[in-house]
Amino acid sequence: MKIFVINGPNLNMLGIREPDHYGRETYADLVKKIEDYCEKKGIEVELFQSNHEGALVDEIQRAYGKADGIVINPGAYTHTSIAILDAVKSVSIPTVEVHISKVEEREDFRQISYVRLACVKTITGHGTDGYLEAIDFLTDKK
Ligand code: DQA
C-alpha cells in the first residue's frame with residue numbers, strides 16, 4: 001500500500017501563517033506526523049509540497065502506476081484549478097481532499113472546490129489530523 005500526500009501553495013508556511021486557521025504545527029511537524037503514522041501502520045508514503053500549480057499536476061501524474069491512494073490539500077488551488085481536477089481524474093487513483101481549516105465556514109470564494117469533483121472523500125476542519133483520517137480512509141478501503 002502506497003500513499004502520495006500532496007500539499008499545495010503556502011502549506012510550507014504552516015506554523016507561521018494564520019495560526020487561528022491553521023494552528024501552530026509547522027510543515028516539518030506535519031511531515032513527521034504523517035511519516036511516523038505510516039511507519040506504524042506499515043504504509044509506504046511519499047510527501048510532496050509545491051507552491052506551483054504545474055508541479056502539483058506533475059506530482060499527481062507521477063503517482064500513476066505507483067500510488068494506491070492520494071491525499072491532497074491543494075491550498076488555494078482548490079478553488080481555482082481545473083488542471084488539478086483533470087490531473088486527479090486522469091490517474092483514476094482514489095483521492096481524498098483534506099483542508100486543515102473548516103473551509104465551509106469561511107469566505108464565499110472558498111466554497112468552490114474543483115478537485116472535490118474527482119475525490120472519494122473530503123475532510124475539513126480537523127487540523128492536521130485530517131491527513132491521518134484520509135490515510136485511514138484510503139487504507140481501510142483496501
Ligand atoms: C486550505 C484552505 C484553503 O482555502 C486555503 O487557500 C489554504 C489552506 C486548508 O488547508 O484549510 O491554503 O486548503
Side-chain angles (χ1 to χ4, degrees), residues 1-41 43-64 66-142:
M1 182 77 193
K2 183 160 192 163
I3 305 275
F4 274 34
V5 178
I6 300 174
N7 277 291
N10 300 306
L11 288 154
N12 57 318
M13 296 297 281
L14 282 179
I16 299 165
R17 74 182 291 213
E18 304 178 84
D20 288 352
H21 283 303
Y22 304 117
R24 299 257 172 216
E25 274 173 277
T26 65
Y27 181 70
D29 294 334
L30 174 64
V31 169
K32 187 168 178 346
K33 180 172 178 164
I34 292 171
E35 284 179 346
D36 288 352
Y37 190 73
C38 287
E39 197 187 328
K40 225 171 37 194
K41 294 196 90 180
I43 299 162
E44 261 189 276
V45 69
E46 288 198 29
L47 286 111
F48 179 82
Q49 188 278 327
S50 176
N51 295 324
H52 304 277
E53 186 175 15
L56 295 166
V57 169
D58 287 344
E59 185 65 9
I60 294 162
Q61 291 183 5
R62 203 175 69 78
Y64 182 72
K66 293 195 183 74
D68 304 297
I70 297 174
V71 176
I72 190 162
N73 180 350
Y77 289 137
T78 305
H79 318 300
T80 61
S81 179
I82 296 167
I84 289 174
L85 166 65
D86 284 349
V88 174
K89 281 187 170 175
S90 300
V91 296
S92 292
I93 298 168
T95 298
V96 177
E97 173 193 19
V98 171
H99 299 288
I100 295 168
S101 67
K102 214 169 179 55
V103 275
E104 59 273 27
E105 293 180 359
R106 298 182 64 193
E107 301 93 328
D108 286 351
F109 61 81
R110 293 186 207 276
Q111 302 315 312
I112 287 178
S113 168
Y114 288 102
V115 76
R116 191 163 304 170
L117 300 171
C119 289
V120 292
K121 189 177 173 65
T122 296
I123 297 168
T124 70
H126 295 182
T128 58
D129 286 350
Y131 291 87
L132 308 186
E133 289 168 32
I135 290 165
D136 281 345
F137 180 83
L138 289 167
T139 50
D140 288 352
K141 278 186 62 196
K142 288 275 148 187

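Side chains are part of it too, since the values below use all heavy atoms of this structure and drop only hydrogens, waters and symmetry mates. Each ligand, and each atom within it, is numbered from 1 in the order the structure gives.
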_Considering both backbone and side-chain atoms of Thr78, is one of its nitrogen or oxygen atoms within less than 3.5 Å of a nitrogen or oxygen in ligand 1?_
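There is no such contact.
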*asked:* Between ligand 1 and Ala76, is the shortest N or O to N or O distance under 3.5 Å?
replied: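 Yes: some nitrogen or oxygen of Ala76 is under 3.5 Å from one in ligand 1.
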Under 3.5 Å, is there a donor-acceptor pair between the [X] and [Y] side chains?
| X | Y | answer |
| --- | --- | --- |
| Glu104 | Thr124 | yes |
| Thr78 | Glu97 | no |
| Asn51 | Gln49 | yes |

Atoms in ligand 1 flagged as close to [X], the criterion being non-hydrogen separation under 4.0 Å:
| X | answer |
| --- | --- |
| Ile100 | 9 (C), 10 (O), 11 (O) |
| His79 | 3 (C), 4 (O) |
| Tyr22 | 2 (C), 5 (C), 7 (C), 8 (C), 9 (C), 11 (O) |

*Out of Met13, Gln111, Arg110, whose heavy atom is nearest to atom 5 (C) of ligand 1?*
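Looking at heavy atoms only, the winner is Arg110.
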Between [X] and ligand 1, find which residue part has any heavy-atom pair under 4.0 Å and reply side chain, backbone, both or neither.
| X | result |
| --- | --- |
| His99 | both |
| Asn10 | neither |
| Val103 | side chain |

*Rounded distance (nearest 0.5 Å) linking atom CD1 of Ile3 with atom CG of Leu47*: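 The distance works out to 11.0 Å.
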*For residues Phe4 and Ile60, determine if any side-chain heavy atom of one lies less than 4.5 Å from a side-chain heavy atom of the other.*
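Sidechains of Ile60 and Phe4: no contact.
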_Pairwise side-chain contact, Met13 with Tyr22, heavy-atom cut-off 4.5 Å (strictly under)_ =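 Heavy-atom side-chain distance check fails, nothing below 4.5 Å.
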*Starting from atom 11 (O) of ligand 1, locate the nearest protein heavy atom and write down its residue, its atom name and how far away it is, to 0.1 Å.*
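The closest one turns out to be Ser101 OG, 2.6 Å.
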*Is it true that His21 lies under 4.0 Å from ligand 1, counting heavy atoms only?*
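Outside the 4.0 Å threshold, so no.
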*Does ligand 1 have any atom that is closer than 4.0 Å to a heavy atom of Arg17?*
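Contact check Arg17 vs ligand 1: positive.
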*asked:* Ring-plane angle category for His99 and His79, please: parallel below 30°, perpendicular beyond 60°, tilted otherwise.
replied: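 Geometry flag for His79 against His99: parallel rings.
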_salt bridge (charged side-chain N to carboxylate O under 4.0 Å, His left out) between Lys66 and Glu46, intermediate numbers included_ = CA-CA 10 Å; Lys66 293 195 183 74; Glu46 288 198 29; over 6 Å; no
